[in-house]
Asks: 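I'd like to ask you about the structure that follows.
Just follow the structure's listing: the first ligand is 1, and inside any ligand the first atom is 1. Quick caveat: nothing in here was measured; it's all calculated off a predicted structure.
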Amino acid sequence: MNAQNLLKIARQHGAPVYVYDAEKIESQYQRLTNAFKGVGSLRLNYAAKALSNISILRLLNNLGSGLDTVSIQEVKLGLMAGFKPESIIFTPNGVSLEEIEEASALGVQINIDNLSILEQFGSKHPDVPVCIRINPHVMAGGNSKISVGHIDSKFGISIHQIPHLLRIVDLTKMNINGIHMHTGSDILDIDVFLYASEILFETAKNFKNLEFIDFGSGFKVPYKAGDIETNIEELGKKLTTRFNQFCEEYGKELTLAFEPGKFLVSEAGYFLAKVNVVKQTTSTVFASVDSGFNHLIRPMLYGSAHEISNISNPKGKERYYSVVGYICETDTFGSNRRINEISEGDILCFKNAGAYCFTMSSNYNSRFRPAEVLWHKGKAHLIRERETFDDILRNQVDIKDLFETPKAEVLK
Ligand SMILES: *Cc1c(COP(=O)(O)O)cnc(C)c1O
């Protein structure tokens with residue numbers, strides 16, 4: 001995806017706009033598949049919450065991916081996008097029994113992450129196979145905001161509760177067909193991940209009817225040249241050997257499942273915003289774009305350092321800028337970035353804008369959410385229209401009668 005094509009899209013569809021490169025999503029999918037080609041049965045369930053546009057879901061379904069969902073709405077989106085119910089896994093946390101039952105009635109694989117719901121669901125539906133989410137208490141990532149496997153995490157059933165879990169399974173006669181973990185968002189150290197996997201294998205031995213083991217996700221992608229990224233190929237080699245060995249011990253070929261979000265779509269995404277104002281202050285030069293954390297909240301929420309370039313002036317002299325938004329809050333996208341000289345009206349391009357960017361956008365400041373475009377085989381396809389004023393008013397109830405005091409009343 002080159003800058004010329006991105007500029008053309010910004011001109012045609014306006015800014016701000018999200019652009020996704022289909023080819024990059026496909027190559028990442030192939031890369032992960034290749035890394036695990038030594039496994040007899042591999043399932044990649046794309047984590048829909050990273051980027052849930054129905055056209056992106058269709059693309060992934062077309063590649064042969066399954067779908068990992070965290071809400072009944074994502075389940076329904078997946079079904080609408082053409083996924084078969086059996087290709088969808090529902091991995092929510094903290095949702096009601098009713099929502100789990102609704103998903104189950106649609107035929108999707110249920111994954112339960114607490115003993116209370118497990119006991120209630122198992123008692124009512126002992127014949128429905130269920131996957132259980134285990135918390136191995138391993139800190140896989142470096143940033144506590146995005147690590148979910150450690151001791152204080154709200155996610156999963158603690159490995160220390162296995163005896164209680166087994167008692168529930170035994171008493172309800174429910175069928176556990178899968179076992180799952182999702183340790184955190186960034187796997188920096190493969191050995192830590194493999195260590196957590198050992199805990200999962202150990203736990204798996206307690207269940208006789210397993211069909212799959214789901215290792216979650218957390219593949220780290222580079223945000224700039226030289227960034228640490230998960231070495232997928234090395235992880236593939238090591239985990240494949242260990243997994244195949246486990247299946248032999250277990251006496252059955254199981255499916256190895258992953259549920260990557262970021263890995264598949266992060267680098268495929270570009271966010272384009274127009275510079276409204278270049279403002280020189282006593283300490284810095286601000287470039288204010290027609291966006292803010294209403295469109296891209298990751299830099300403010302997680303400190304994510306999205307690379308920013310000026311695609312309108314790629315040969316311009318490099319200068320230092322603080323790139324900020326137009327929201328009435330501090331919404332700094334990047335401080336002290338060296339960027340080719342910026343003029344008002346230029347289009348800035350934010351990289352790694354595929355995962356958790358559009359899906360976390362909002363209408364804060366009563367702004368419109370941006371358009372989304374899919375770049376596929378050299379053509380730009382609009383896959384979401386920019387919002388309009390009607391969208392801002394949608395679902396609002398204007399109780400104007402309450403505040404229109406009749407004139408006669410006022411005079412009395
Ligand atoms: C969010 C999530 C994922 C995807 O994580 P990435 O870091 O985007 O790959 C996978 N599994 C579960 C259960 C999740 O909640």
Asks: Would you call K76-E102 a salt bridge at under 4.0 Å N-O?
Replies: yes
Asks: Side chain, backbone, both or neither: which part of A50 has a heavy atom under 4.0 Å from ligand 1?
Replies: neither
Asks: Provide the number and element of each atom of ligand 1 under 4.0 Å from a heavy atom of T91.
Replies: 13 (C)
Asks: Could you tell me whether ligand 1 has any atom less than 4.0 Å away from a heavy atom of A355?
Replies: no
Asks: Assess, by modelled atom type and distance only, whether the side chains of N352 and E267 contain a donor and an acceptor separated by less than 3.5 Å.
Replies: no
Asks: If you measure from each heavy atom of F155 to ligand 1, is any distance below 4.0 Å?
Replies: no
Asks: Decide, yes or no, whether a salt bridge links E341 with R319 under the criterion of side-chain N to carboxylate O below 4.0 Å.
Replies: yes
Asks: When you measure from atom 4 (C) of ligand 1 to each heavy atom in Y46, F263, Y356, which option holds the nearest one?
Replies: Y356
Asks: Before we go on, tell me: are the rings of H306 and Y223 under 6.0 Å apart, centre to centre?
Replies: yes
Asks: May I ask you to check if ligand 1 and F219 share an N or O to N or O distance below 3.5 Å?
Replies: no
Asks: Is there a nitrogen or oxygen of R133 sitting under 3.5 Å from a nitrogen or oxygen of ligand 1?
Replies: no
Asks: Which residues pass the side-chain contact (heavy atoms from CB on, under 4.5 Å) test with N340, sequence neighbours left out?
Replies: N310, E318
Asks: Using distance alone, determine whether H180 and ligand 1 share an N or O pair under 3.5 Å.
Replies: no
Asks: Residues two or more places apart in sequence or in another chain: which of them pass salt bridge (charged side-chain N to carboxylate O under 4.0 Å, His left out) with E253?
Replies: none
Asks: Would you say ligand 1 has an N or O under 3.5 Å from any N or O of K49?
Replies: yes
Asks: When you measure from the side chain of R43 to the backbone N and O of D214, does any donor-acceptor pair fall under 3.5 Å?
Replies: no
Asks: Provide the number and element of each atom of ligand 1 under 4.0 Å from a heavy atom of G261.
Replies: 4 (C), 6 (P), 8 (O), 9 (O)
